[in-house]
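Each remark here refers to the structure printed beneath this line.
Side-chain atoms are counted along with the backbone in the values below, which use heavy atoms only and exclude waters and symmetry mates.
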Amino acid sequence: MGRFLKFFSLTMATQGCLLINQVVLLPIELRVWGTDAVAKWVVLIAVANLAGITDLGLRHAGHSQLLSSVRSGDTAASLEFRRIWTLARTLIIGLTAVFLAYQLWAGASSSALLSVLTISVAFDTLTLVRGAWLDTLGHFNRIEALYLGMIASRVTLSLIALTAFRASPAVLGYIWLVTSIGWMVAQAALLRTPSSLAFFAGNTRDLRWR
């Protein structure tokens, strides 16, 4: 019960930070940037979030293989899970690279900011996919705490940048990128995980067409 209450409180705190992002940050952005710039920012975020589906649902696969490899030392299950994780990473990185190449080819005036946001979302997706599997191993409270830390840092830094320095959308884009990388590094450094769940475990040679 205690673990559930802790998870529930972390989840509510995360939702609170997300609410602040919508209710507090948006009016400040409107005052600092104006409606046209805010509209462009919202559109860029929406486009960048396409990078968030590049795992094509693989975050929902591999749970049983991971559990079998950890609990019973099943080497075949471990290899199968590494293949799934390698494929998910390959899809995320590969399709994100396609998005970035298209943005570069299109040559829009906002392509630099869009590229930064796209890379940020790709890092977020990698960390979320890995976090879903870490939940399977019982790390859900720590995973949620790290996610809360990332969201809280992103919102706090954005508030400071906007209110104290009247920062441009580009500055907020780099805040997104820095917090994404920080979340990724923190998850890798602070949680003990099986070798098959390392961010770069396995390689494309492990993959099979099946």
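Between the side chains of Thr14 and Glu144, at least one donor-acceptor pair of N or O atoms lies under 3.5 Å. A side-chain donor from one of Ser180 and Arg154 sits under 3.5 Å from a side-chain acceptor of the other. Under 3.5 Å, the side chains of Gln103 and Ser111 contain no donor-acceptor pair of N or O atoms. Inspection of the Ser69 and Asp74 side chains reveals no N or O donor paired with an N or O acceptor under 3.5 Å.
Scanning all heavy atoms of the two residues, the minimum distance from Leu172 to Ala161 falls at CD1-CB, 4.3 Å. The two residues Ala186 and Leu146 make their nearest non-hydrogen contact at CB-CD2, 4.1 Å.
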Practice task
Take Val171 and Phe165 through the side-chain contact (heavy atoms from CB on, under 4.5 Å) test and state the conclusion after the steps.
Solution key: CA-CA 10 Å; Val171 172; Phe165 304 103; over 6 Å; no
Practice task
Might you work through the side-chain contact (heavy atoms from CB on, under 4.5 Å) test for Tyr102 and Phe99, ending with a clear yes or no?
Solution key: CA-CA 5 Å; Tyr102 175 76; Phe99 291 162; 5.9 Å; no
Practice task
Please report the C-alpha distance between Thr118 and Val47 in whole Å, then the side-chain angles of each, then the deciding distance to 0.1 Å, and finally whether the side-chain contact (heavy atoms from CB on, under 4.5 Å) criterion is met.
Solution key: CA-CA 8 Å; Thr118 300; Val47 173; 5.9 Å; no
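Looking only at side-chain heavy atoms (C-beta outward), Val121 and Leu50 stay at 4.5 Å or farther from each other.
In the hydrophobic cluster analysis, where Ile, Leu, Val, Met, Phe, Trp and Tyr join through side-chain heavy atoms closer than 4.5 angstrom, Leu26 is grouped together with Leu18.
Contacts classified as ring pair (Phe, Tyr, Trp, His ring centres under 6.0 Å) and involving residues 71-96 (residues at least two apart or in different chains) are given here: Phe81-Trp133, Trp85-Trp133.
Taking Val116 as the reference, Ser120, Tyr174, Leu177 meet the side chain to side chain contact (heavy atoms under 4.5 Å, CB included) condition, with sequence neighbours excluded.
A salt bridge does not link Arg130 with Asp55: every distance from a Lys NZ or Arg NE/NH1/NH2 to an Asp or Glu carboxylate oxygen is 4.0 Å or more.
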